[in-house]
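Read through the structure below, which is laid out as structure tokens, and then see the notes.
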Amino acid sequence: MKWLAQFRKKSPWILHYNAGSCNGCDIEILAALSPRFDLERFGIVNTGNPKQTDIFLVTGPVTFHSRERLVELYSQIPEPKVVVAVGACTSTGGVFRGMYNVEDGIDRYIPVDVYVPGCAASPQLIIDGIVQALSILEKKNKAIEKPFRLFGGIKRIGKKISRLTMAKRIGEEK
Amino acid sequence: MKKIETTLERVVKTIEEFYDRYEWHFLTLNGIDLDDGKIELQWIFAKYGAKDETVVFYCITDYETEVPSIVKLIPSAIMGEREVVDMFGLTIEGIEGKLYLSDDSLKTPLKTMGLGGCEV
Amino acid sequence: MFRSLANAWSNMFKPPHTVKYPFVGDVQVPSDYRGLILYDVEHCIFCDRCEKACPPKAIVFYQHDDGHKEYRYNPWLCIYCGECVRACPKADEALTHSSEKPNPASKAENVNDEWFVWQTVARESRERYAEKKKAEKAEKRAARKGEPAGPKGD
Amino acid sequence: MKKVINIPLGSQHISLLEPVRFQFKTHNEKIVEVGADVGFVHRGIERACVTQFEWKKLPYVVARVCGLCAITHSLSFTLAVEKMLEFESTRRIDYLRMLMVELDRIHSHMLCLSHTAENAGFEAMFMEVMAAREPVMDLQEAISGNRVQFDYIAIGGVHRDISPETAKEVVATLDALKPKIERLLEEFSKNWSLSLKYRGVGMLTYEEACIYNTLGPLARAAGLRTDVRLESSDLPYEEVGFEVVLEKGGDIHARNMVRLYEILNSIEMCKNIVQNLPEGEHLLKIKGKPKGEAIVRLEAPRGELMYLVRGSGKNFLDRVRIKTPTFSGIPAMVEIFKGSEYADAPAILASFDPCMSCTAK
Amino acid sequence: MTTWFWIVMAPVLGGLVYGGERVLRARMQRRQGPPLLQPFYDMFKLMDKRTLVIHSAHALLGVVHFLVLWITVGAIFFGWNLLYIVFLHLFALIVLVIAGYSVRSVFSQIGANRELLALVAYEPVLLLVTVGFYLYAGSFYIGDILHHSGYLSQMPLLFLALLVILPIKVKKSPFDVVEGHQEIVGGVEVEYSGFFFEFLYMARFLEYIFIYSFVFLFGGADYWLGALLVIGTFILVNLVDNATARVRAADMVKISYLLALLLAGINIVWMLT
Amino acid sequence: MPGAMLLILLPIVATLLLRWFRSEKMQYILLATTVVLLSATALKLYFGSAVLTFHFPHWLELFIVIADLLLLLYFLWQGRRFDRRIITLLAVIQLLLYGWAESVLPEEGGAEVVVDALSTFMFLIINIVGGIIVVYAVRYMSYEEISEEKKRLFIAYLLLFLSVMNAVVVSNSLLLFFFLFEMTTLASYLLIGFRGDETAQKNALKALWMNQIGGVVILLGTLCAIYGYDTTRFDALTGSVGGTLLLCVSLVSMAALVKGASIPFDGWLLGAMVAPTPVSAILHSATMVKIAPWLILKLSPALGGTGVGLLLSTFGGFVFVAASYLALSRTVFKEILGYSTIALLGLMMALAAIGTPETSILTMVLIFFHALSKAMLFMTAGVVEKLHHLKDIEDMKGLIETAPKSARFILFGFVSLTLPPFGLFIVKLFAIEEVSHMLPDHPGLFLLLLSILIGSTLLVLLYFKVTAAILSRPSDIVGLGHEAMPSGFLLPLAILAVLVVFTTIRLAAVQQVADLTLFFVPIAMLVLAPLAYRWMDRFDRVKCYHCGEKESFDAALYYYEPTPKIRVAIYTFFTLLFVSVALTGALS
């Protein structure tokens, strides 16, 4: 359905997850939803529900505590999906790089499509990032995208595709 | 800032005598690793509405001795105590750690760091 | 509630606050917005102070074997604190804190892993170069003293 | 045999800005038991402060403990180091630092109010407060160069001086903000639906506030007179017209009122600061390396922030202890949830204005 | 034939209303807001998403919900018995509630439960409004109801009662507990995605048509008055949405019973005497 | 007349024969034959539609008087035995009143037994539904850990019960009715106390004294009728005018309220839950409580349009709302069903008390469908209890997966109780239509209308709360489990389900309202939806959303518990209302 693909970029719904950032980027995402920047004019709705999400906005270097949740949420987002890493620490670990309880950037766990710089990323930058994400979203196909780590596999039971175990617990990683 | 030395045996009693919930509030329990396998524990209090009145009870102990808990006296101390258990691997009576750290993250990250690193 | 009702009613006839960024113009940025760090190789004296000052290590100098250094900067790691500019002895010439906005990177730019590969490469290059320099120095010293070069065999 | 409903709130939830996990056990929607997991944002900054970064870089690192009260973090660390270095700051430095802290308080309180309104299901109010907050963000950008992470405080002063034009702009913007806050005051106290949602909900009595050692707006809303601006002499707050705001109610409404009145007070203070700015240097040279121990307490938007720094004259410090406001509020928070409705939980949570990235460091 | 045309177009019409509402709401908050056709963009996008399903029954019940609502709206356009229409609508909602309950998701179940509570809150009022029409027009058939006029002067309190419950139906503050986005992430719709969520999304359009057609009936034979009422109500509901917070589910039932039911009851008693 | 006699006597014969039918197979053969015979007779009578009358010979009257006295003495003894003063007191009062009534009994020619359309209709329910329950009871009792002797005794009780009920619905004399009323009281007393443990005994005694109040008011009504009109016949009484007619009628209908377990007398019916499930099934669906609407229908010619009728209607409406509300706080499946029975009985009485032909028909349809659906639900509850050991709805979570057959029967039961196009729904619909039609002339019915509106939504809330528990499942990666259901359970349930569908179709055909076809479309969609399951295979299965957590969180159900204050208020209100029925009767 080529014709339908053009509507993806007109109605991207976002899910925001804080994987251990300092709040700076999160309040800027909130500010981007406010009247001044008004993300809704792009058709963006903050659904808060991974199952209806197109753009996954993540902030924060992944802390050990939030790894499982990040992957779980990612695996619950239906394709096509785009991951936007907002802020320096999300993209590369930023100032937290090398600290003992963080992984350096979320692309250790899930594929990231857009890296938004800034500490904290200002609403303008977030909008830039989302605009870039939209063009990526339009080109994607519907093949299942997998997390890099904590990936438990996709089973076929009969004709059904089971994503129930797509995200794994830390202990079960092997 | 007033520093008062105390010992582990006396600390609960001292704090009990000292603490009046309408006057003082408990800031936190703090641990400072001293490089020779000892740890300095600090119970920090501040007075409501008074200028610069901070009282620190401290004692120096080793990592093995069990530390008495003051949660019964001051319920909000539980966070500080859990954190100390988590970060230094101390034992505090009746307190479970697991405040911040995951199973596979660095154990007792603030312990013996003066020696250039810590136990993993 | 009634004030809010009236407010909402009157808001309908007022222009919206929204700035039509990125289509029309830009959201007003004060002139001294802390944006990208700009580097001018012409003025740089390669003192490495910015590299040392940077908290997240977003500036790295690669040491070429022929002696000159190459500046590399990762805007996706930078926290825009400006400490490098303050550390720079020739601030505003070699290193400036511009008000330019950085751009989002795409997957292809590989800003995370590649940068840290690069960081290690740069560190190794400098260690190598330092060793080489040391060796050269020793060689020179040896040459001055008329002794054979190389480490002492005995 | 009635079973409990297990409702997870977090770590990802639309009403949460930051990851924290509450697990409510409820009867119908009445909460009977709460489990809290606050460790999601633990990055290990305390350790990094003594092993990874030299003391001169630390103001930037501790600022990243929390984006909302970044300025108070870097300021209290700086003050602690300056104490150890026996550095005497000038009044201009103090004033500029206070200006930024108060502006930060205004924007943080407004964010909290908007978030509380949003979580009470009042989207229009959220938008209104956020729209009114934007000029304050612009001011901060004009003064420090960034909207959120200011990196404004330097050891020995502040990085940027304030220009006269910016000073004028500060006064003009804050003057324009004041009527908006007064309108919010009226709306928050008179709107019937907000009253249903706020009054008598999430109660914290004076007695409980004392037992749980709560701090900041939470305690002041319960009638507990505590404010570090009053209790510390590190910054000359009494010169700029500081007043303690007290409320008696102890519910969400009282907390909102405390925040709104504090915003008004901060507006006054900022204007006083800008209008009576003393002349002088904004950045002084410092010498030596920190040695000894210092405790600094500062009033962050959420309550008392304490830094304990110990150094031994080396490049790396021995210990940096960060005690954040929310950290000591969590036991009270868990207690207050019990007995209230799950439908109110997001609003109650927002009214605490918790800062998990502060708590977990 | 035109009736059939309008029935087919009902979701489109509802979508336009929804889109218009989003624009209007944005304007009331001094935002630019999404384009008017935004709901349709969303619809087309949802068609093209990979769809995740909890289990087949759950997903299919969502479709049935939409179809039954469509039949309900169709029955309205055909001018059938109003009482039957209200019950058919009840049926549609029950299908949705069963769907919400059929998954082991806390939010979905709480949402379904709130949906039931909302049903308890507004259904009696809606039925009383229907009875009011019957008492005045002597028939339950919409066709007959539309032949009379002057409902507004005879049943003003019933109209007010309808206004009170209207926000429940269109999921607007202060009675948007069913959706409760900040509490239960959309409630019943939380487990739907892609293709199947689309049906729930479009069902919302039909709900608009359903409830606003009740408002329209108050105009009676005077269609212009009906249209005016609909527009006025539409704006009023959005204004109230912008001036109130969400109340608790229990409060919603209380308000609905103590206020709306009382108003409706007084009006009916008044009509009887 | 022989038909009716057969209906009354055949169960007794079967009871006697049961002695020699020791093996299960033999019992089935006996019971099946009996039930088929009973049903066939009932059907024949129903379609025969001729009014038959029968006058008792003298010896039979004498027999009844003696039996009645013995019965009352038995109650008296029970009261002394368990030291319940209230039972003793009520028994004494009844003895005195009965003696008084007998002493002033007028000589009259009217028939004691009248088999009219209403009776034949009731036969239909009692014999078909009741018969199915008796057959079901055989299998059910085989799971009980009691002696074979007692099991047969239990079935004998049930059969006797049917016989008594068959007699009740043809009785035309107040005193005969009183006797049979007391017989049903006895039956319920024995059946509830069947298990013999402490709670059973307690609840049985509770049922006894509550039902005895009914006996007292009937006797009072009889006396009133004798003194006022010189008659004890229903038809003569309802045909007369003026005087103390309303007092008399209201007193008798109060007995209906007691038998119908209307609040404040809901305690006894709920207490009946301790008995084996077939007892609940038979009490709730086919027999016992159905006396209530039957009695009101019988009296409706006198009640229609009067103040007492209005009050009874309102009472019924309020019971409909209050019982639905009280049910919302219950967790035991059978109790929930019990309260919903009370609620629906309220509705039946409310409709019957209006007294127009339309509402009478509606009441009868309601009685019929309620009997079928409730029997099915209670029987399934018994199946679930015996096969899966589940009583509490909290534990029934995901029943559709573990016990798909039982779950489907429960679901079907609920659907038939709430959704279009099934009978109960249609009745509610027409009731609203009918009441609003009558509203301009009888503004007093407004409260009833309101009660129907609120009560039916509350009932929907109740049923779908329970449906929730049964339906919820994590995913359909694994198919439904297999449930082995013995045919002794399956067949009765299946027959009932078929009956529901069949009668629904028939009802819809009779109604001939074109718009009703509307309702068939959605139900068809629901039924046809499983056909699309294969097509659904193309979609990915995924976990539920739990804020990113991996554990699954189970939601429990909601309970709308009234506070003790509200509970007391409700009971006080209804007690006052109950008393005021008599007062209204006396005053008007």
Side-chain angles (χ1 to χ4, degrees), chain A residues 14-38 40 46-50 56 58-70 72-73 76 87-89 93-103 118-125, chain D residues 10-21 37-49 51-53 57 60-61 63-70 73 107-108 111 114-115 118 126-135 137-138 141 146-149 151 355-358 360-361:
Chain A
I14 60 169
L15 171 72
H16 161 224
Y17 182 58
N18 179 333
S21 90
C22 70
N23 273 348
C25 300
D26 306 86
I27 58 175
E28 294 295 64
I29 288 174
L30 214 58
L33 289 166
S34 75
R36 173 86 164 280
F37 297 98
D38 190 28
E40 204 185 351
N46 187 6
T47 58
N49 176 358
F56 190 21
V58 189
T59 58
V62 190
T63 60
F64 275 33
H65 233 76
S66 50
R67 293 171 293 180
E68 288 175 8
R69 278 89 185 175
L70 180 78
E72 174 75 37
L73 287 171
Q76 282 187 4
C89 53
V95 77
F96 305 124
R97 196 178 176 86
M99 288 188 190
Y100 66 85
N101 215 37
V102 300
E103 303 274 348
C119 184
S122 62
Q124 292 100 310
L125 281 170
Chain D
S11 59
Q12 187 273 330
H13 192 275
I14 181 148
S15 71
L16 293 177
L17 268 183
E18 12 176 21
V20 53
R21 181 157 72 111
D37 184 354
V38 295
F40 285 94
V41 208
H42 182 61
R43 290 149 296 191
I45 289 179
E46 279 189 4
R47 182 181 153 87
C49 283
T51 56
Q52 215 173 329
F53 297 101
K57 288 181 190 172
Y60 308 110
V61 178
R64 266 80 185 169
V65 168
C66 170
L68 272 169
C69 32
H73 276 277
H107 104 79
S108 171
L111 185 86
S114 71
H115 200 219
E118 160 92 356
F126 165 76
M127 292 295 179
E128 193 179 333
V129 184
M130 286 305 270
R133 177 175 166 264
E134 279 301 317
M137 302 302 278
D138 281 347
E141 191 169 351
N146 204 350
R147 286 163 55 95
V148 174
Q149 289 285 2
D151 295 331
C355 183
M356 289 306 149
S357 48
C358 271
K361 300 179 279 280

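Protein chains get the first letters and strands the later ones, always in sequence-line order, with residue 1 at the start of each.
- Judged by distance alone, the side chains of D:H42 and A:Y100 do bring a donor and an acceptor atom under 3.5 Å apart.
- The CE atom of D:M356 sits 15.0 Å away from the SG atom of A:C22 when rounded to the nearest 0.5 Å.
- Note: D:E134 leads D:E134, D:E128, D:M127, D:H115 in heavy-atom pairs under 4.5 Å with chain A.
- For the pair D:R133/A:I27, a side-chain contact is recorded, criterion being any heavy-atom separation below 4.5 Å from C-beta on.
- Contact annotation for A:L30: both backbone and side-chain heavy atoms come within less than 4.5 Å of a heavy atom of chain D.
- Not counting sequence neighbours, D:E18 has no partner by the salt bridge (Lys or Arg N to Asp or Glu O under 4.0 Å) test.
- The parts of D:L68 that come within reach of chain A are both its backbone and its side chain, each placing non-hydrogen atoms under 4.5 angstrom from that chain.
- Residue A:H16 holds its NE2 atom at 6.5 Å from CG of D:L17, rounded to the nearest 0.5 Å.
- Listed options D:A70, D:G44, D:S15, D:A48 were ranked by heavy-atom pairs under 4.5 angstrom with chain A; first place goes to D:G44.
- You'll find the side chain of D:R64 reaches within 4.5 Å of the side chain of A:C119, heavy atoms only.
- Ranked by heavy-atom pairs under 4.5 Å with chain A, the list D:C66, D:A63, D:A131 is led by D:C66.
- Residues A:S34 and D:F126 form no side-chain contact, since every pair of their non-hydrogen atoms from C-beta on lies 4.5 Å or further apart.
- The distance from atom CG of A:D38 to atom CE of D:M130, rounded to the nearest 0.5 Å, is 12.0 Å.
- The distance from the CG atom of A:N23 to the OG atom of D:S357 is 3.5 Å, given to the nearest 0.5 Å.
- For A:T47, the part lying near chain D is the backbone, with the side chain staying farther off; criterion is any non-hydrogen pair under 4.5 Å.
- A heavy-atom distance below 4.5 Å is not found between the side chains of D:E141 and A:S122.
- Looking at A:R67, there are no atoms closer than 4.5 Å to chain D (heavy atoms on both sides), in backbone or side chain.
- Of the two parts of D:H107, only the side chain, counted from C-beta on, holds a non-hydrogen atom closer than 4.5 Å to a non-hydrogen atom of chain A.
- Between A:M99 atom CE and D:F53 atom CZ the span is 4.5 Å, to the nearest 0.5 Å.
- Contacts between D:D151 and chain A at a heavy-atom distance below 4.5 Å are absent for every atom of the residue.
- Most heavy-atom pairs under 4.5 Å with chain A: of the set D:D37, D:V129, D:V61, this distinction falls to D:D37.
- Residues D:R43 and A:N101 form no side-chain contact, since every pair of their non-hydrogen atoms from C-beta on lies 4.5 Å or further apart.
- Residue contact with chain A, scored on non-hydrogen atoms closer than 4.5 Å, involves the side chain of D:Q52 exclusively.
- Within the model, atoms CZ of D:F40 and OH of A:Y17 stand 6.0 Å from one another, a figure rounded to the nearest 0.5 Å.
- With chain A as the partner, the residue from D:V41, D:V65, D:N146 showing the most heavy-atom pairs under 4.5 Å is D:V41.
- Across A:G48 and D:Q12, no two heavy atoms sit closer than the pair O-NE2, 3.5 Å.
- In this structure the side chain of D:R21 never reaches within 4.5 angstrom of the side chain of A:H65, judged on heavy atoms.
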